[in-house]
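A note on names: the letters A, B, ... follow the listed sequences, proteins ahead of strands, and every chain is numbered from 1. Small disclaimer: the values here were computed from a predicted structure and weren't measured.
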Protein chains: 2
Amino acid sequence: MTVLETMPTALSLCLTDVPHPRPAGQDHYTIGEVAEHTGLSAHTLRWYERIGLMPHVDRNHTGQRRFTNRDLDWLALVGKLRLTGMPVADMVRYAELVRQGDSTYRAREELLTAHREVVRQRIEELRSTLDVLDYKIDIYAGAHAAPEGV
Amino acid sequence: MTVLETMPTALSLCLTDVPHPRPAGQDHYTIGEVAEHTGLSAHTLRWYERIGLMPHVDRNHTGQRRFTNRDLDWLALVGKLRLTGMPVADMVRYAELVRQGDSTYRAREELLTAHREVVRQRIEELRSTLDVLDYKIDIYAGAHAAPEGV
DNA sequence: CGCTTGCCTGGAGTGCGCTCCAACTCTCTA
DNA sequence: TAGAGAGTTGGAGCGCACTCCAGGCAAGCG
């Protein structure tokens, strides 16, 4: 825990812009450390593993999970996909493709490309509704500015 | 139902750009008609009323709901807010303010302004994650284009 | 040695936003 | 007059994404 105390606690902003807390070779993190680093709860991390959203996680001699830098990278990607609103089921599907190896590159590309389109449309949807909010806000602002001068 | 057959079935795109199916004075719609017009289910319309998300809806002599153009306008706004991801509880709060009359203009403006900020941040969040998707997609596209020439 | 802390598990519970069910009424058409 | 079709209600159920609980184990500390 002390090692991580000065590290960012939120999900990393980009896949490459947050260095790993520990260098390769010493990258063995407890579930609590990973929870703090990613902002996910330990419950959620275990749940991700149960549903197949994590590649197999190592265990130490007493059966406790030991996460690696690779796991942190994966969780950073998952966090990104989650922010875009990708359903967990789709992320599990993607994780399965990754497990199946290099032969699934095309399928992975298609999955992500389809999702990118969803995200683009969602952005457009949000932008168009902003106009409605602006319109309504203007009305209210005018209404209580005019009659009372407040 | 026949009156509505040529009307748009999706949520209206803007608060003012879809004319009412029937002119003022003849604007009495059954729940089925409203469902078709808004794209919401009759179940959902009743549920909206139950939780206080609809202003009081008129009934005919046998107790069936008769929606008006005003109700359609309200549902168009609710649909917009819903598209922005506003929680139903917040929309109910907004509906309560509307019911309380003109004295709540300021509170309504604040509610919508706060939500507008949420929407703006969400757009930014989505846009930033698009970069990650582009990055990943490029990798996959390059990977299966290079080794096989597909 | 006991206590605390952190981890383990399977399974139950939660909050949101619907979605549907059972049992009923009313109106219209054949 | 019978049946179809659309409406009514309160309340139960569902899918998603967690979130928590009970009961237990292992390590470290005074």
message: Taking any heavy-atom pair under 4.0 Å as a contact, classify A/R59: base, sugar-phosphate, or nothing.
response: sugar-phosphate
- request: Give the C-alpha distance, both sets of side-chain angles, the deciding distance and a yes or no for side-chain contact (heavy atoms from CB on, under 4.5 Å) between A/T84 and A/V118.
  value: CA-CA 9 Å; A/T84 64; A/V118 169; over 6 Å; no
query: Which part of the nucleic acid, if any, lies within reach of A/R65 when heavy atoms closer than 4.0 Å are counted: base, sugar-phosphate only, or nothing?
result: sugar-phosphate
- prompt: Which residues satisfy the side-chain contact (heavy atoms from CB on, under 4.5 Å) test with A/D27, sequence neighbours excluded?
  reply: A/Y29, A/T68, A/N69
- line: Applied to residues 114-134 of chain B, the ring-ring contact (aromatic ring centres under 6.0 Å, His included) test, sequence neighbours excluded, yields none
field: Interatomic distance, A/Y29 OH vs C/dC7 C1' [rounded to whole Å]
entry: 19 Å
query: How many Å lie between CG on A/L75 and P on D/dC18, as a whole number?
result: 12 Å
field: Euclidean distance, atom CG of residue A/L45 to atom P of D/dT19 [Å, nearest integer]
entry: 11 Å
- request: Kindly state each residue pair satisfying salt bridge (Lys or Arg N to Asp or Glu O under 4.0 Å) with at least one member in residues 124-135 of chain A, sequence neighbours excluded.
  value: A/R122-A/E125, A/E124-A/R127, A/D134-B/R116
task: Please name all residues satisfying side-chain hydrogen bond (donor to acceptor under 3.5 Å, both in side chains) with B/T104, sequence neighbours left out, ordered by chain then number.
output: B/R108
- request: Give the rounded distance in Å between these two atoms: CD of B/E36 and C1' of D/dA6.
  value: 13 Å
- prompt: For the pair made of NE2 in A/H28 and P in C/dC7, what is the distance, rounded to whole Å?
  reply: 16 Å
message: Can you list everything that forms a side-chain hydrogen bond (donor to acceptor under 3.5 Å, both in side chains) with B/T113? Sequence neighbours excluded, please.
response: none
Just the atom pairs and distances: protein N or O near nucleotides 22-26 of chain C's N or O, under 3.5 Å.
none

message: What is the separation between atom CG on A/L53 and atom C1' on D/dA17, rounded to the nearest whole Å?
response: 11 Å
- request: Could you check how far CZ of B/F67 sits from C1' of D/dT8, rounded to whole Å?
  value: 12 Å
- request: Write out all pairs satisfying side chain to side chain donor-acceptor pair (under 3.5 Å) with one or both partners inside residues 86-99 of chain B, taking only residues at least two apart or from two chains.
  value: A/Y140-B/Y94
All N/O donor-acceptor pairs, side-chain side in residues 45-56 of chain B, below 3.5 Å, sequence neighbours left out:
residue : atom : partner : partner atom : Å
B/E49   : OE1  : B/R65   : NE           : 2.5
B/E49   : OE2  : B/R59   : NH2          : 3.4

query: What does nucleotides 14-19 of chain C look like as a protein-contact string, B for base, S for sugar-phosphate only, - for none, at under 4.0 angstrom between heavy atoms?
result: ---SBB
query: Excluding sequence neighbours, so at least two apart, what forms side-chain contact (heavy atoms from CB on, under 4.5 Å) with A/N60?
result: A/T62, A/Q64, A/R66
message: I need the CG-P distance between A/D90 and D/dA17, as an integer number of Å.
response: 9 Å
query: Which ones in residues 110-120 of chain A lie close to DNA chain C, meaning a heavy atom under 4.0 Å from one of its atoms?
result: none
statement: Contacts of B/E117 meeting salt bridge (charged side-chain N to carboxylate O under 4.0 Å, His left out) (sequence neighbours excluded), chain-then-number -> B/R120
query: Are the side chain of A/Q26 and the backbone of A/P23 linked by a donor-acceptor contact shorter than 3.5 Å?
result: no
